[in-house]
Structures are given as C-alpha cells and as structure tokens.
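Start at 1 and go down the list; that is how both ligands and their atoms are numbered. Everything numeric in this text was worked out from a predicted model, so none of it was measured.
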Amino acid sequence: METRTLLTGGLGQLGSELAAALRERYGEDSVIVTDVREPDGDLPDRFYQLDARNGGDLAELVTRERITRIYHLAALLSAVAESRPQDAWQINMDGLFTILEVAREAGASVFTPSSIGAFGPQTPKDFTPQDTIQRPTSMYGVTKVAGELLCDYYYFKYGVDTRGVRFPGIISNLTPPGGGTTDYAVDIYYAAVRDRRYTCFLQGDTYLDMIYMPDAIKAAIDVMEADPERLRHRNAFNVTAMSFSPEDQAAYIRRYIPEFEIFYDVDPVRQAIANSWPNTLEDYAARVEWGWEPEYDLDLMTADMLRTLASREIA
Ligand code: SER
C-alpha cells in the first residue's frame, strides 16, 4: 500500500526536516504538513493550518488525502510546559487523544515522540533501562508518560499501529527548537560561530542524552517501517546517540574554534528539570528490535554543525 503521511507540528524543529525526508522517501505528493501556526516565510508544499485538537477538520483531511500514517509532533516542550502546565496538558494530551481517535477511524498508523522527560528522579540515572521506574516531576514528563500509555492502549484495545521513541535532546541547524531544556546544546553552536562565546542556562556538569537531526529522522522513519513481528515494545523505545555536558560540548567546539568561551547563568527551572532526567540512556531494545544505530557522535556532529552554520553565516 502507498504510504501517505500527515504531520502535525510540521513547522517545528523535527517536523520541518522530517517532512523533507519523507518526501524524498515516499514521493513529493505523499506528505501533508499541518501546524497550528502560520508559516513565517514561504508556504511549505501541501501545507494546512490546523490545530491537532480539531478532530473534525483533521478527520476530513485524513480521509481526503488517503492518509495511512500520522507523525504527531505537535506538543509543548519541557520548559514551556512547566511555565504553562494547564496548556501543556491540554495541547499534549487532547491533541494526542484526537489523533488516536482519527487514526482509529481511518486505519492509519501513528508515530508519537516520547522523551527522556518521561523519566524522573527515582529512575536509575546511568544507562537508564528501557523498562524502569517512570515518575517524572515535570508536567511535560507527566504528559509523555500518559502519552506512552495511551498509545499502548490504542494498540491493544483497537489495534491502531502506534509506535514511538523516547527522543533525547535533538540538535539541528534548520529550525530552532522552542522551549526545551536541551535547547542550550543547539544555541551554543550558533553562538560559537557568531560570537565565539556562549552563556549557558544549565550547569557545566549537567549530563543529558542528545541526538543529531539526521539520526533523529532515521529513528522516526525506521521504527515505523520495522517488522511488527519483531517489536516487543512499541511506543517508547529509548534511543540515544551521545551523552555530554555543556563543558564537554564546549571542549569539542574548541577543537574547531580555539578561542571559544563558555559562561554560566543557571536557570533554576530548567536546571531542576535536567537534574530529574537521566545522564545516559541504554537503547538496547531499539537496537535489537528494529536495528537502531546512530551515525553521529559529539565530534562528528560538532564538526558538521559548525561547518554548516559558518557557511551560512558567510553566504
Ligand atoms: N528536548 C526536549 C526538551 O528539552 C526533551 O524531550 O524539552
């Protein structure tokens, strides 16, 4: 069957690059992008402005476009969710519920990103296992755990083919992330190229998992294409490519920009969120069940980010 994909949150950090990768893979005409926002610049191909909580419009679009797969990326990230917890519950949970209902009616499969935010202070911090304690203390984490469970429920109860991964911080250079705790790891590269210095909102020794965009895209596509017979887990595969602290990242940037300096002005809210998350994930289940293997480590990513941003700066 032809794969026809709809993205929600399609103008965001992940959506904007995933849409392009999906077009390349499944055909120009096969990808429909939706977002609650209006695009800033040019209208992307096949774009519809739509709130993912609007089930009626969504169902109509899914039917009209013969959608077989939904990437539901619309959500508030951790720091914004912590400042607007009521909105976060509404957007993250009502949005997901609506998507799952539309998918159930249409027989579409659904990808939903979970996150390292689905873990909490009682979770083992190092090599955090796939199946472990999940008692997050942020509203973002609460919605992520509830989302993992809801997606499992729709699979077991209704047979909706729901799948997902727990993403670490995603680093990229096309569309900036909005309001996450891991955003510093993106901002630092822009600042390094522009100013040769960066003031970080997390402490220098805070370790978090990260992934470079090409690997994040690969994970999102590969888990949806995995042989269902091999999947013991479904909605919340740990995936990671690297774990580092701001100090480590600054040291790698100095390999390419020796005069780079890092300073700290710690934001207590984001620091508390980061402290409640794992230092390093263990992603064995994803490797065994669908062949997950990242390509980029901190050095490769740093080289690529700095090269790309510098060439754009000069252009
Ligand atoms: N990057 C996300 C955040 O910081 C984590 O999933 O909110």
Derivation of the salt bridge (Lys or Arg N to Asp or Glu O under 4.0 Å) call for Arg230 and Glu289: CA-CA 6 Å; Arg230 284 177 64 194; Glu289 293 178 42; over 6 Å; no

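Counting heavy atoms from C-beta outward, Thr132 and Pro124 have side chains that approach closer than 4.5 Å.
Thr240 and Asp283 are not linked by any side-chain donor-acceptor pair at a separation below 3.5 angstrom, with hydrogens and angles left out of the test. In this model, a donor atom of one side chain and an acceptor atom of the other lie less than 3.5 Å apart for Arg166 and Gln134. Side-chain polar atoms of Gln271 and Thr206 form a donor-acceptor pair below 3.5 angstrom. Neither side chain, Asp51 nor Asn54, offers a donor N or O lying under 3.5 Å from an acceptor on the other.
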Enumerate, one pair per line, all nitrogen or oxygen atoms of ligand 1 lying under 3.5 Å from a protein nitrogen or oxygen, stating the separation to 0.1 Å; write 'none' if no such pair exists.
unit_1   : atom_1 : unit_2 : atom_2 : d
ligand 1 : 1 (N)  : Thr182 : OG1    : 2.7
ligand 1 : 4 (O)  : Ser78  : OG     : 3.4
ligand 1 : 4 (O)  : Thr181 : N      : 2.6
ligand 1 : 4 (O)  : Thr182 : N      : 3.1
ligand 1 : 4 (O)  : Thr182 : OG1    : 3.3
ligand 1 : 6 (O)  : Ser115 : OG     : 2.6
ligand 1 : 6 (O)  : Tyr140 : OH     : 3.0
ligand 1 : 7 (O)  : Ser78  : N      : 3.0
ligand 1 : 7 (O)  : Ser78  : OG     : 2.6

